[in-house]
Amino acid sequence: MLLIIGAIAGYVVGSVTSDPDVSEGGQTSYACALAEKVRAGHQNEDDWGSFNEDPAYNEMMAIRSLLGASMPAGNGEDERFADLDWTVVSEGGVEAWGTLLDEIIEAC
C-alpha cells in the first residue's frame, strides 16, 4: 500500500513541476551561476586541488560548453562572451582560469 501511495505521490509531484530551462538563455544563466560558484571557491592558485580530485576542472569545461564555446576556437553564440580567450581552458593554468572566470562573471 505504501508503495502505491509513493508512486502516486511521485507522479503528482513530477507532473506539476516544470522542466529545466534548457534554452540558450537557461544554459547561459546556469553557466554564469556555475562560474560564480567556481570563482568563490578558487580565489587564488592555492585553492585549486589536483586535477583528479577538484570538480572545478570539470565545471570549467561545462561552463565553456554551456556558453557554446566547446571548441578551442569557438566563441559561442552570445556576443557577451565572444571576446573571451577560451583556449586557456584547455591550455592555460589555474591563474589564467581565474582571469577567465572573472571575465565570464563580468560579462554575465
Side-chain angles (χ1 to χ4, degrees):
M1 184 59 138
L2 290 176
L3 184 60
I4 294 171
I5 293 171
I8 292 171
Y11 174 77
V12 170
V13 169
S15 65
V16 296
T17 58
S18 62
D19 291 330
D21 182 3
V22 296
S23 69
E24 184 179 332
Q27 291 179 38
T28 299
S29 294
Y30 184 73
C32 290
L34 191 55
E36 289 180 11
K37 174 198 171 280
V38 173
R39 192 61 175 139
H42 298 82
Q43 294 295 314
N44 59 57
E45 290 184 48
D46 295 333
D47 294 335
W48 293 84
S50 67
F51 186 77
N52 292 330
E53 294 176 4
D54 193 337
Y57 294 101
N58 290 332
E59 292 166 338
M60 287 295 294
M61 300 298 179
I63 292 166
R64 181 176 71 176
S65 294
L66 286 164
L67 294 177
S70 58
M71 297 300 292
N75 291 331
E77 299 293 324
D78 194 321
E79 291 297 318
R80 295 177 295 170
F81 309 103
D83 293 332
L84 299 180
D85 182 9
W86 294 104
T87 60
V88 302
V89 174
S90 56
E91 299 170 9
V94 294
E95 184 177 324
W97 285 21
T99 301
L100 178 62
L101 282 168
D102 292 339
E103 292 171 349
I104 291 168
I105 292 167
E106 184 177 325
C108 287

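- Expressed to the nearest 0.5 Å, how far CD of Glu106 lies from CZ of Arg80 amounts to 12.0 Å.
- Taking a 6.0 Å sphere around CD of Glu95, one finds it holds 12 or fewer heavy atoms contributed by other residues, nucleotides or ligands.
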For Ser50 and Asn52, run side chain to side chain donor-acceptor pair (under 3.5 Å): C-alpha distance rounded to whole Å, both residues' side-chain angles, the deciding distance at 0.1 Å, then the answer. CA-CA 6 Å; Ser50 67; Asn52 292 330; over 6 Å; no
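- Taking hydrophobic clusters as Ile, Leu, Val, Met, Phe, Trp and Tyr residues chained together by side-chain heavy-atom distances below 4.5 Å, Ile105 does not share a cluster with Phe81.
- A donor and an acceptor atom, one from each side chain of Asp21 and Ser23, are located under 3.5 Å apart.
- Here the CG-CD distance, from Leu67 to Glu24, works out to 9.5 Å after rounding to the nearest 0.5 Å.
- Between Tyr57 and Trp48, the angle of the ring planes lies from 30° to 60°, which puts this pair in the tilted group.
- A distance of 9.0 Å separates CG in Asp47 from CG in Asp54, rounded to the nearest 0.5 Å.
- Taken to the nearest 0.5 Å, the CG atom of Leu34 stands 12.5 Å off from the CD atom of Gln27.
- Remark: Arg64 CZ to Leu84 CG distance equals 12.5 Å, nearest 0.5 Å.
- Within 6.0 Å of the CD atom in Gln43, the count of heavy atoms belonging to other residues, nucleotides or ligands exceeds 12.
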Arg39/Asp102 under side-chain contact (heavy atoms from CB on, under 4.5 Å): CA gap, chis, key distance, verdict: CA-CA 8 Å; Arg39 192 61 175 139; Asp102 292 339; 2.7 Å; yes
Test Leu101 against Ile63 for side-chain contact (heavy atoms from CB on, under 4.5 Å), laying out the working first. CA-CA 9 Å; Leu101 282 168; Ile63 292 166; 4.1 Å; yes
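- Taking 4.5 Å as the limit, every side-chain heavy atom of Glu103 sits out of range of all side-chain heavy atoms of Asp83.
- A heavy-atom distance below 4.5 Å is not found between the side chains of Val38 and Trp97.
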